[in-house]
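Every number for a ligand or one of its atoms is a count from 1 in the order of the listing.
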Amino acid sequence: MDFEQIKQTEQSFLMPTYARFNVAVSHGKGAVLTDVHGKTYIDFGSGIGVNSLGYGDPDWVAAVQQQAGRLSHISNLYYNEVQVMLAKRLCEGAGMSRAFLCNSGAEANECAIKLARKASFDKYGQNRSTIICLYNSFHGRTLTTLSATGQQSFHQFFFPFTEGFKFANPNDIEDLKQKLDENVCAVMLECVQGEGGVVPLDAEYLQAVRNICDENNLALIVDEVQTGAGRTGDFLAFMHAGIKPDVVTMAKGLGGGLPIGACLCAEKLAPVMSAGTHGSTFGGNPVACAGANVVLERLLSPGFLNSVTQKGDYITQRISSMPDVKQVRGRGMMLGIELKKTDARKVAEQCLENGLLVLTAKTLLRLLPPLTITYDEIDKGLSILNTVLKGVANV
Ligand SMILES: *Cc1c(COP(=O)(O)O)cnc(C)c1O
(Lines give C-alpha, C1' and ligand atoms only; values in the text may rest on other atoms or scores of the structure.)
Protein backbone atom coordinates (compact mmCIF):
# COMPACT_ATOMS: atom_id res chain seq x y z
CA MET A 1 0.00 0.00 0.00
CA ASP A 2 1.17 3.54 -0.61
CA PHE A 3 0.59 6.28 1.97
CA GLU A 4 -2.79 7.39 0.62
CA GLN A 5 -4.13 3.82 0.62
CA ILE A 6 -2.99 3.30 4.20
CA LYS A 7 -4.57 6.57 5.28
CA GLN A 8 -7.87 5.74 3.53
CA THR A 9 -7.98 2.29 5.09
CA GLU A 10 -7.24 3.75 8.52
CA GLN A 11 -10.14 6.16 8.11
CA SER A 12 -12.46 3.36 7.04
CA PHE A 13 -11.59 0.79 9.67
CA LEU A 14 -10.12 2.41 12.80
CA MET A 15 -11.93 4.52 15.36
CA PRO A 16 -10.80 8.10 14.85
CA THR A 17 -9.15 8.41 18.29
CA TYR A 18 -5.80 9.79 17.09
CA ALA A 19 -4.77 13.06 15.43
CA ARG A 20 -2.12 11.39 13.30
CA PHE A 21 0.80 13.01 11.53
CA ASN A 22 0.94 12.61 7.75
CA VAL A 23 3.36 9.71 7.57
CA ALA A 24 3.17 5.92 7.43
CA VAL A 25 6.27 4.37 8.95
CA SER A 26 7.73 1.24 7.42
CA HIS A 27 10.83 0.34 9.46
CA GLY A 28 13.68 1.70 11.53
CA LYS A 29 17.29 1.30 12.57
CA GLY A 30 18.91 3.06 15.50
CA ALA A 31 17.18 6.45 15.77
CA VAL A 32 16.29 6.59 12.07
CA LEU A 33 12.87 5.67 10.68
CA THR A 34 11.95 5.06 7.05
CA ASP A 35 8.47 5.73 5.68
CA VAL A 36 6.61 3.69 3.06
CA HIS A 37 8.08 5.85 0.28
CA GLY A 38 11.67 5.39 1.45
CA LYS A 39 12.08 8.84 3.04
CA THR A 40 14.06 8.80 6.29
CA TYR A 41 13.48 10.63 9.56
CA ILE A 42 15.53 11.19 12.69
CA ASP A 43 13.25 10.10 15.52
CA PHE A 44 13.25 12.38 18.58
CA GLY A 45 10.12 10.71 19.93
CA SER A 46 10.84 6.95 20.04
CA GLY A 47 7.13 6.16 19.88
CA ILE A 48 6.23 8.10 22.98
CA GLY A 49 9.37 7.21 24.87
CA VAL A 50 8.86 3.51 24.11
CA ASN A 51 11.71 2.48 21.82
CA SER A 52 14.28 3.17 24.51
CA LEU A 53 17.04 1.25 22.71
CA GLY A 54 16.05 2.63 19.31
CA TYR A 55 14.96 0.39 16.44
CA GLY A 56 16.47 -3.00 15.65
CA ASP A 57 18.89 -3.17 18.58
CA PRO A 58 20.72 -6.48 17.88
CA ASP A 59 20.65 -7.78 21.48
CA TRP A 60 16.99 -6.88 21.91
CA VAL A 61 15.98 -8.42 18.55
CA ALA A 62 17.91 -11.62 19.28
CA ALA A 63 16.35 -12.04 22.75
CA VAL A 64 12.82 -11.35 21.49
CA GLN A 65 13.18 -13.61 18.44
CA GLN A 66 14.60 -16.42 20.52
CA GLN A 67 11.85 -16.14 23.13
CA ALA A 68 9.13 -15.99 20.44
CA GLY A 69 10.46 -19.24 19.03
CA ARG A 70 10.77 -20.95 22.42
CA LEU A 71 7.63 -19.90 24.26
CA SER A 72 5.56 -16.88 23.28
CA HIS A 73 2.93 -17.19 25.97
CA ILE A 74 2.24 -19.23 29.03
CA SER A 75 -0.50 -18.60 31.57
CA ASN A 76 0.34 -17.09 34.94
CA LEU A 77 -0.99 -20.35 36.37
CA TYR A 78 2.54 -21.64 35.67
CA TYR A 79 6.04 -20.41 36.50
CA ASN A 80 8.44 -19.11 33.87
CA GLU A 81 12.06 -18.05 34.10
CA VAL A 82 12.16 -14.86 31.95
CA GLN A 83 9.32 -13.41 34.02
CA VAL A 84 10.89 -14.04 37.42
CA MET A 85 14.25 -12.77 36.15
CA LEU A 86 12.61 -9.53 35.04
CA ALA A 87 10.85 -9.12 38.39
CA LYS A 88 14.17 -9.65 40.18
CA ARG A 89 15.96 -7.09 38.00
CA LEU A 90 13.16 -4.56 38.41
CA CYS A 91 13.00 -4.89 42.19
CA GLU A 92 16.77 -4.73 42.58
CA GLY A 93 17.10 -1.78 40.21
CA ALA A 94 14.27 0.14 41.84
CA GLY A 95 15.05 -0.77 45.45
CA MET A 96 11.59 -2.33 45.75
CA SER A 97 10.43 -5.73 47.01
CA ARG A 98 7.68 -7.10 44.74
CA ALA A 99 6.48 -6.61 41.18
CA PHE A 100 3.17 -7.11 39.44
CA LEU A 101 3.56 -7.33 35.67
CA CYS A 102 0.93 -6.08 33.25
CA ASN A 103 0.70 -4.68 29.72
CA SER A 104 0.51 -0.88 29.86
CA GLY A 105 0.95 2.22 31.94
CA ALA A 106 -2.74 2.57 32.74
CA GLU A 107 -2.83 -1.02 33.96
CA ALA A 108 0.24 -0.47 36.12
CA ASN A 109 -1.51 2.51 37.70
CA GLU A 110 -4.73 0.53 38.18
CA CYS A 111 -2.68 -1.99 40.12
CA ALA A 112 -1.07 0.78 42.20
CA ILE A 113 -4.48 2.26 43.05
CA LYS A 114 -5.92 -1.13 44.01
CA LEU A 115 -2.82 -1.88 46.08
CA ALA A 116 -2.92 1.43 47.98
CA ARG A 117 -6.63 1.07 48.69
CA LYS A 118 -6.38 -2.55 49.83
CA ALA A 119 -3.39 -1.78 52.06
CA SER A 120 -5.48 0.91 53.72
CA PHE A 121 -8.58 -1.33 53.88
CA ASP A 122 -6.62 -4.14 55.51
CA LYS A 123 -5.40 -1.81 58.24
CA TYR A 124 -8.13 0.82 58.68
CA GLY A 125 -11.26 -0.68 57.11
CA GLN A 126 -13.58 0.92 54.59
CA ASN A 127 -13.81 4.63 53.63
CA ARG A 128 -10.13 5.48 53.97
CA SER A 129 -9.75 5.28 50.21
CA THR A 130 -9.15 8.77 48.81
CA ILE A 131 -6.05 9.30 46.68
CA ILE A 132 -4.61 12.79 46.30
CA CYS A 133 -3.27 13.36 42.79
CA LEU A 134 -1.86 16.54 41.29
CA TYR A 135 -3.39 19.00 38.89
CA ASN A 136 -1.88 18.76 35.42
CA SER A 137 -1.07 15.08 35.89
CA PHE A 138 -1.70 12.22 33.47
CA HIS A 139 -2.20 8.64 34.65
CA GLY A 140 -3.92 6.82 31.77
CA ARG A 141 -7.08 6.22 29.76
CA THR A 142 -9.05 3.66 31.75
CA LEU A 143 -11.98 5.11 33.67
CA THR A 144 -10.16 4.99 37.00
CA THR A 145 -6.86 6.36 35.71
CA LEU A 146 -8.78 9.13 33.92
CA SER A 147 -10.36 9.90 37.29
CA ALA A 148 -6.85 10.12 38.77
CA THR A 149 -5.75 12.47 35.99
CA GLY A 150 -5.78 16.09 37.19
CA GLN A 151 -6.96 17.74 34.01
CA GLN A 152 -10.59 18.78 33.58
CA SER A 153 -10.55 18.01 29.85
CA PHE A 154 -10.24 14.28 30.65
CA HIS A 155 -13.30 14.29 32.93
CA GLN A 156 -15.96 14.45 30.22
CA PHE A 157 -18.38 12.17 28.35
CA PHE A 158 -17.73 8.92 30.18
CA PHE A 159 -19.73 9.44 33.37
CA PRO A 160 -19.83 8.10 35.99
CA PHE A 161 -16.13 8.23 36.80
CA THR A 162 -14.47 6.36 39.66
CA GLU A 163 -14.85 8.17 42.97
CA GLY A 164 -12.16 8.86 45.51
CA PHE A 165 -9.67 11.22 43.86
CA LYS A 166 -8.76 14.72 45.00
CA PHE A 167 -6.29 17.12 43.47
CA ALA A 168 -3.57 19.43 44.76
CA ASN A 169 -1.37 21.94 42.95
CA PRO A 170 2.04 20.59 41.89
CA ASN A 171 5.04 21.97 43.79
CA ASP A 172 2.73 23.42 46.47
CA ILE A 173 3.14 21.55 49.73
CA GLU A 174 0.69 23.78 51.65
CA ASP A 175 -2.05 22.93 49.16
CA LEU A 176 -1.37 19.22 49.63
CA LYS A 177 -1.59 19.62 53.42
CA GLN A 178 -4.93 21.39 53.05
CA LYS A 179 -6.36 18.56 50.97
CA LEU A 180 -5.49 15.96 53.63
CA ASP A 181 -8.24 14.43 55.74
CA GLU A 182 -8.94 11.13 57.51
CA ASN A 183 -10.20 9.51 54.29
CA VAL A 184 -6.92 9.88 52.41
CA CYS A 185 -4.88 6.69 51.88
CA ALA A 186 -2.32 7.69 49.25
CA VAL A 187 -0.64 10.40 47.21
CA MET A 188 0.08 9.75 43.53
CA LEU A 189 2.35 11.85 41.31
CA GLU A 190 4.79 11.98 38.38
CA CYS A 191 8.27 13.37 39.19
CA VAL A 192 8.20 15.15 35.84
CA GLN A 193 4.64 15.69 34.57
CA GLY A 194 4.93 14.46 30.99
CA GLU A 195 1.65 14.93 29.14
CA GLY A 196 1.05 18.02 31.29
CA GLY A 197 3.87 19.81 29.46
CA VAL A 198 7.13 18.45 30.91
CA VAL A 199 6.81 20.04 34.36
CA PRO A 200 9.47 18.80 36.82
CA LEU A 201 8.57 18.62 40.51
CA ASP A 202 11.18 20.11 42.87
CA ALA A 203 13.30 17.68 44.90
CA GLU A 204 12.35 19.58 48.09
CA TYR A 205 8.67 19.20 47.24
CA LEU A 206 9.05 15.44 46.68
CA GLN A 207 10.93 15.11 49.99
CA ALA A 208 8.20 17.07 51.78
CA VAL A 209 5.52 14.83 50.22
CA ARG A 210 7.46 11.79 51.43
CA ASN A 211 7.47 13.22 54.97
CA ILE A 212 3.73 13.93 54.89
CA CYS A 213 3.07 10.38 53.70
CA ASP A 214 5.22 9.00 56.54
CA GLU A 215 3.50 11.15 59.16
CA ASN A 216 0.01 10.16 58.00
CA ASN A 217 0.66 6.55 56.98
CA LEU A 218 -0.17 7.23 53.32
CA ALA A 219 1.21 5.25 50.41
CA LEU A 220 3.34 7.36 48.09
CA ILE A 221 2.71 6.17 44.53
CA VAL A 222 5.15 7.48 41.93
CA ASP A 223 3.99 7.10 38.33
CA GLU A 224 7.21 6.49 36.38
CA VAL A 225 5.44 5.29 33.24
CA GLN A 226 7.08 8.05 31.21
CA THR A 227 9.97 9.12 33.46
CA GLY A 228 11.17 5.61 34.31
CA ALA A 229 13.50 3.14 32.62
CA GLY A 230 16.38 5.61 32.37
CA ARG A 231 14.50 8.38 30.59
CA THR A 232 15.58 11.15 32.98
CA GLY A 233 19.17 9.92 33.42
CA ASP A 234 18.36 8.02 36.61
CA PHE A 235 16.95 4.50 36.46
CA LEU A 236 13.83 6.01 38.02
CA ALA A 237 13.22 9.75 38.34
CA PHE A 238 12.48 9.68 42.09
CA MET A 239 16.09 8.67 42.69
CA HIS A 240 17.16 12.19 41.79
CA ALA A 241 15.24 13.51 44.83
CA GLY A 242 16.68 10.85 47.15
CA ILE A 243 13.25 9.60 48.20
CA LYS A 244 11.84 6.09 48.31
CA PRO A 245 8.23 5.63 47.19
CA ASP A 246 5.97 2.86 48.48
CA VAL A 247 4.67 2.06 45.01
CA VAL A 248 6.24 2.70 41.60
CA THR A 249 4.69 2.16 38.17
CA MET A 250 6.54 1.73 34.89
CA ALA A 251 5.66 1.01 31.26
CA LYS A 252 6.55 2.99 28.12
CA GLY A 253 10.32 2.53 27.75
CA LEU A 254 10.48 -0.65 29.82
CA GLY A 255 9.88 -3.17 27.03
CA GLY A 256 11.98 -1.40 24.41
CA GLY A 257 9.03 -1.56 21.99
CA LEU A 258 6.85 -4.34 23.37
CA PRO A 259 3.78 -3.73 25.54
CA ILE A 260 4.63 -4.26 29.19
CA GLY A 261 3.91 -2.47 32.45
CA ALA A 262 5.02 -3.03 36.01
CA CYS A 263 3.78 -2.02 39.44
CA LEU A 264 6.46 -2.33 42.11
CA CYS A 265 6.01 -2.04 45.86
CA ALA A 266 8.09 -1.73 48.99
CA GLU A 267 8.49 -4.54 51.51
CA LYS A 268 5.71 -3.40 53.86
CA LEU A 269 3.16 -3.68 51.03
CA ALA A 270 4.47 -7.01 49.74
CA PRO A 271 1.66 -9.22 51.15
CA VAL A 272 -1.23 -6.88 50.25
CA MET A 273 -2.18 -8.20 46.81
CA SER A 274 -2.91 -11.79 47.80
CA ALA A 275 -3.93 -14.62 45.47
CA GLY A 276 -7.11 -13.79 43.55
CA THR A 277 -7.09 -10.02 44.22
CA HIS A 278 -5.48 -9.10 40.92
CA GLY A 279 -4.31 -10.68 37.69
CA SER A 280 -3.79 -10.39 33.96
CA THR A 281 -3.96 -12.93 31.15
CA PHE A 282 -1.11 -11.35 29.21
CA GLY A 283 0.74 -9.70 32.10
CA GLY A 284 4.38 -10.72 32.25
CA ASN A 285 4.26 -12.22 28.76
CA PRO A 286 7.55 -14.06 28.13
CA VAL A 287 8.37 -12.26 24.85
CA ALA A 288 7.72 -8.83 26.40
CA CYS A 289 9.78 -9.86 29.45
CA ALA A 290 12.65 -11.03 27.24
CA GLY A 291 12.71 -7.58 25.61
CA ALA A 292 12.50 -5.81 28.97
CA ASN A 293 15.34 -7.93 30.38
CA VAL A 294 17.62 -6.66 27.61
CA VAL A 295 16.50 -3.07 28.25
CA LEU A 296 17.24 -3.32 31.98
CA GLU A 297 20.57 -5.01 31.43
CA ARG A 298 21.58 -2.15 29.13
CA LEU A 299 20.26 0.65 31.36
CA LEU A 300 22.01 -0.70 34.41
CA SER A 301 25.32 -1.33 32.63
CA PRO A 302 28.17 0.98 33.72
CA GLY A 303 28.05 4.49 32.27
CA PHE A 304 24.78 4.11 30.38
CA LEU A 305 22.58 6.36 32.52
CA ASN A 306 25.36 8.92 32.68
CA SER A 307 25.36 9.03 28.88
CA VAL A 308 21.63 9.79 28.93
CA THR A 309 22.25 12.80 31.18
CA GLN A 310 25.10 13.98 28.97
CA LYS A 311 23.11 13.71 25.76
CA GLY A 312 20.19 15.48 27.42
CA ASP A 313 22.44 18.33 28.57
CA TYR A 314 23.94 18.60 25.08
CA ILE A 315 20.51 18.76 23.40
CA THR A 316 19.25 21.27 25.97
CA GLN A 317 22.24 23.53 25.48
CA ARG A 318 22.01 23.44 21.69
CA ILE A 319 18.25 24.09 21.58
CA SER A 320 18.39 26.89 24.16
CA SER A 321 20.10 29.15 21.62
CA MET A 322 17.75 28.34 18.71
CA PRO A 323 15.28 30.90 17.28
CA ASP A 324 11.88 31.29 18.99
CA VAL A 325 12.92 29.14 21.98
CA LYS A 326 11.79 30.58 25.31
CA GLN A 327 12.84 27.73 27.60
CA VAL A 328 14.00 24.11 27.51
CA ARG A 329 13.00 22.13 30.58
CA GLY A 330 12.92 18.55 31.81
CA ARG A 331 15.60 16.10 32.84
CA GLY A 332 17.85 13.68 30.98
CA MET A 333 16.28 12.97 27.61
CA MET A 334 12.75 13.96 28.64
CA LEU A 335 12.66 17.52 27.35
CA GLY A 336 10.00 20.15 26.74
CA ILE A 337 10.64 23.17 24.55
CA GLU A 338 8.55 26.23 25.24
CA LEU A 339 8.31 28.42 22.15
CA LYS A 340 7.88 32.18 22.19
CA LYS A 341 5.22 32.54 19.51
CA THR A 342 5.05 29.57 17.18
CA ASP A 343 2.45 26.83 17.49
CA ALA A 344 4.18 23.60 18.56
CA ARG A 345 2.02 21.37 16.40
CA LYS A 346 2.91 23.47 13.35
CA VAL A 347 6.62 23.15 14.15
CA ALA A 348 6.23 19.40 14.61
CA GLU A 349 4.54 19.13 11.19
CA GLN A 350 7.29 21.15 9.52
CA CYS A 351 9.95 19.04 11.24
CA LEU A 352 8.25 15.96 9.83
CA GLU A 353 8.35 17.40 6.32
CA ASN A 354 12.04 18.05 6.79
CA GLY A 355 12.87 14.58 8.12
CA LEU A 356 12.56 14.86 11.92
CA LEU A 357 9.94 13.42 14.24
CA VAL A 358 9.20 15.41 17.40
CA LEU A 359 6.31 15.20 19.86
CA THR A 360 4.22 17.87 21.52
CA ALA A 361 2.81 18.18 25.04
CA LYS A 362 0.24 20.92 25.66
CA THR A 363 1.77 23.98 23.94
CA LEU A 364 5.34 22.63 24.08
CA LEU A 365 7.48 20.62 21.73
CA ARG A 366 8.49 17.43 23.52
CA LEU A 367 11.55 15.27 22.89
CA LEU A 368 11.89 11.67 24.07
CA PRO A 369 14.68 10.35 21.81
CA PRO A 370 15.86 6.75 21.97
CA LEU A 371 18.30 6.57 24.90
CA THR A 372 20.83 4.98 22.53
CA ILE A 373 20.69 7.82 19.97
CA THR A 374 24.16 8.71 18.67
CA TYR A 375 25.63 12.23 18.66
CA ASP A 376 25.64 12.08 14.88
CA GLU A 377 21.88 11.38 14.86
CA ILE A 378 21.35 14.09 17.50
CA ASP A 379 23.26 16.64 15.39
CA LYS A 380 21.28 15.77 12.26
CA GLY A 381 18.00 16.15 14.14
CA LEU A 382 19.04 19.41 15.80
CA SER A 383 20.09 20.84 12.47
CA ILE A 384 16.61 20.16 11.05
CA LEU A 385 14.94 21.65 14.13
CA ASN A 386 17.12 24.76 13.86
CA THR A 387 16.22 25.21 10.19
CA VAL A 388 12.50 24.87 10.92
CA LEU A 389 12.61 27.27 13.87
CA LYS A 390 14.61 29.77 11.83
CA GLY A 391 11.94 29.61 9.12
CA VAL A 392 8.98 30.02 11.44
CA ALA A 393 10.72 32.76 13.45
CA ASN A 394 11.17 34.80 10.28
CA VAL A 395 7.55 34.76 9.11
C1 LIG B 1 1.62 7.30 28.95
C2 LIG B 1 1.37 7.44 30.42
C3 LIG B 1 0.43 6.63 31.08
C4 LIG B 1 -0.46 5.66 30.33
O5 LIG B 1 0.25 4.62 29.75
P6 LIG B 1 -0.47 3.66 28.67
O7 LIG B 1 0.57 2.63 28.39
O8 LIG B 1 -0.82 4.50 27.50
O9 LIG B 1 -1.67 3.10 29.34
C10 LIG B 1 0.31 6.76 32.44
N11 LIG B 1 1.06 7.62 33.13
C12 LIG B 1 1.97 8.42 32.53
C13 LIG B 1 2.80 9.34 33.36
C14 LIG B 1 2.15 8.36 31.15
O15 LIG B 1 3.03 9.18 30.55
Side-chain angles (χ1 to χ4, degrees), residues 15 17-20 45-52 94 100-116 131 133-151 153-155 158 162 165 167 170 186-201 206 220-232 234-238 240 245 247-264 280 282-285 288 291-292 295 330-336 359-362 364 366-369 371:
M15 292 189 195
T17 53
Y18 303 107
R20 295 182 200 262
S46 54
I48 300 180
V50 167
N51 293 283
S52 41
F100 178 83
L101 297 172
C102 53
N103 312 288
S104 68
E107 280 179 68
N109 287 335
E110 288 273 344
C111 179
I113 291 162
K114 286 177 72 172
L115 171 58
I131 297 177
C133 299
L134 300 185
Y135 285 114
N136 200 44
S137 57
F138 181 80
H139 296 299
R141 295 284 190 170
T142 62
L143 275 168
T144 295
T145 55
L146 279 179
S147 303
T149 291
Q151 302 186 52
S153 60
F154 288 96
H155 300 164
F158 311 115
T162 307
F165 295 93
F167 300 95
V187 175
M188 182 168 174
L189 51 78
E190 302 152 86
C191 292
V192 182
Q193 295 183 320
E195 303 303 312
V198 195
V199 180
L201 300 185
L206 291 170
L220 175 55
I221 304 169
V222 177
D223 177 346
E224 296 260 8
V225 169
Q226 190 162 155
T227 52
R231 176 53 55 190
T232 65
D234 288 291
F235 177 54
L236 293 155
F238 69 75
H240 178 73
V247 184
V248 181
T249 58
M250 299 176 70
K252 291 194 167 81
L254 175 58
L258 284 168
I260 186 166
C263 175
L264 312 175
S280 165
F282 288 114
N285 169 271
V295 171
R331 293 235 326 281
M333 280 206 279
M334 178 173 179
L335 298 170
L359 302 164
T360 61
K362 294 259 175 88
L364 281 78
R366 176 172 43 152
L367 310 184
L368 300 167
L371 304 179

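- At least one heavy atom of Glu190 sits less than 4.0 Å from an atom of ligand 1.
- With hydrogens and angles disregarded, no donor-acceptor distance shorter than 3.5 Å links the side chain of Glu195 to the backbone of Ser137.
- Atoms of ligand 1 found under 4.0 Å from any heavy atom of His139, numbered from 1 in the order shown, are 10 (C), 11 (N).
- Each of the following atoms of ligand 1 lies closer than 4.0 Å to a heavy atom of Ala106: 4 (C), 5 (O), 6 (P), 9 (O).
- Against a heavy-atom cut-off of under 4.0 Å, Gln226 is close to the following atoms of ligand 1: 15 (O).
- For atom 7 (O) of ligand 1, the choice among Gly49, Gly261, Gly105, Ala251 with the nearest heavy atom turns out to be Gly105.
- Considering only heavy atoms from C-beta on, Arg231 comes within 4.5 Å of Pro369 through its side chain.
- Closest protein heavy atom to atom 11 (N) of ligand 1: Asp223 OD2, 2.8 Å.
- Between Val247 and Cys263 there is a side-chain heavy-atom pair separated by less than 4.5 Å.
- For atom 14 (C) of ligand 1, the closest heavy atom belonging to the protein is Lys252 NZ, 2.9 Å.
- Against a heavy-atom cut-off of under 4.0 Å, Asn109 is close to the following atoms of ligand 1: 10 (C), 11 (N).
- Under the 4.5 Å side-chain criterion, counting only non-hydrogen atoms from C-beta, Leu189 is in contact with Val222.
- Listed by number with element, the atoms of ligand 1 under 4.0 Å from a non-hydrogen atom of Ser104 are 7 (O), 9 (O).
- Judged purely by atom type and a 3.5 angstrom limit, Glu190 uses its side chain to pair as donor or acceptor with the backbone of Phe138.
- Distance alone, capped at 3.5 Å, places no donor-acceptor pair between the Arg366 side chain and the Leu335 backbone.
- Ser52 contributes no side-chain N or O that, together with a main-chain N or O of Leu371, makes up a donor-acceptor pair within less than 3.5 Å.
- Not a single N or O atom of Val225, backbone or side chain, sits closer than 3.5 Å to an N or O atom of ligand 1.
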